[in-house]
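First the structure, in the form of structure tokens, and then the observations on it.
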Amino acid sequence: MSERTFSIIKPDALAAGHAGAILSRIEKAGFRIVALRMRRLTRPEAEGFYHVHRERPFFGGLCDYMSSGPCITMVLERENGIAGLRELMGATDPASAAEGTIRKDFARSIEANAIHGSDAPETAAFEIGYFFPGVELSSVR
Ligand code: CMP
């Protein structure tokens with residue numbers, strides 16, 4: 001079944017000029033870009049987006065970093081899209097990410113880790129609605 005997921009090409013990857021290479025990998029892996037917008041998050045937007053992590057010690061640094069420069073927010077669609085994108089991204093910490101994954105090749109650190117992807121259908125629904133209100137979670141095709 002075709003499934004939508006939400007992704008961010010993070011400020012470190014954009015600043016380093018990796019946005020095109022990352023998008024190319026996403027498209028080559030069979031994802032369709034449903035919605036895409038470059039934007040610089042405000043700190044409150046970053047805090048709201050990552051609210052599930054608000055008790056974590058890295059929350060403040062993560063929100064500072066995510067609002068430090070422009071990023072690319074996207075809704076992507078593919079068969080098994082949520083798990084498929086996470087496989088393509090690799091582990092959160094690039095030091096543990098598998099060869100050939102986006103984070104292995106482009107991420108700088110566990111915080112500046114190049115790309116975000118939703119981890120479950122419920123989070124995909126929240127994240128898509130947070131940045132693209134009006135875009136449906138499930139495919140219409
Ligand atoms: P992401 O997939 O966007 O989801 C939460 C983010 O928090 C994660 O990627 C990292 O950028 C960041 N993160 C997770 N764990 C840590 C950590 N231990 N230290 C710093 N940042 C982290």
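For residues 19-48, the set of pairs meeting the ring-ring contact (aromatic ring centres under 6.0 Å, His included) definition, not counting sequence neighbours, is empty.
Looking only at distances, no side-chain donor or acceptor of Arg37 sits under 3.5 Å from a matching main-chain atom of Met74. Between the side chain of His53 and the backbone N or O of Tyr50 there is no donor-acceptor pair closer than 3.5 Å.
Every side chain to side chain contact (heavy atoms under 4.5 Å, CB included) that Glu127 has, sequence neighbours left out, goes to Phe6, Phe49, His116, Ser118, Thr123. Under the ring-ring contact (aromatic ring centres under 6.0 Å, His included) criterion, Phe106 pairs with His18, sequence neighbours left out. Partners of Glu45 by side chain to side chain contact (heavy atoms under 4.5 Å, CB included), not counting sequence neighbours, listed by chain and number: Leu41, Thr42, Tyr130.
Using a cutoff of 4.0 Å between basic side-chain nitrogens and carboxylate oxygens, Arg86 and Asp119 are not scored as salt-bridged.
The two residues Leu88 and Arg25 make their nearest non-hydrogen contact at CD2-O, 3.9 Å.
When only modelled atom types and interatomic distance are considered, Arg39 and Thr73 share a side-chain donor-acceptor pair under 3.5 Å.
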Compile the donor-acceptor pairs under 3.5 Å between side chains in residues 56-63 and protein atoms, sequence neighbours left out, one pair per line.
none

Listing, residues 91-102 side-chain donor-acceptor contacts under 3.5 Å, not counting sequence neighbours, or none:
unit_1	atom_1	unit_2	atom_2	d
Asp93	OD1	Ala95	N	3.0
Thr101	OG1	Ala98	O	2.7
Thr101	OG1	Lys104	N	3.3

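With rounding to the nearest 0.5 Å, the separation of CG in Asn113 from CZ in Arg103 is 4.0 Å.
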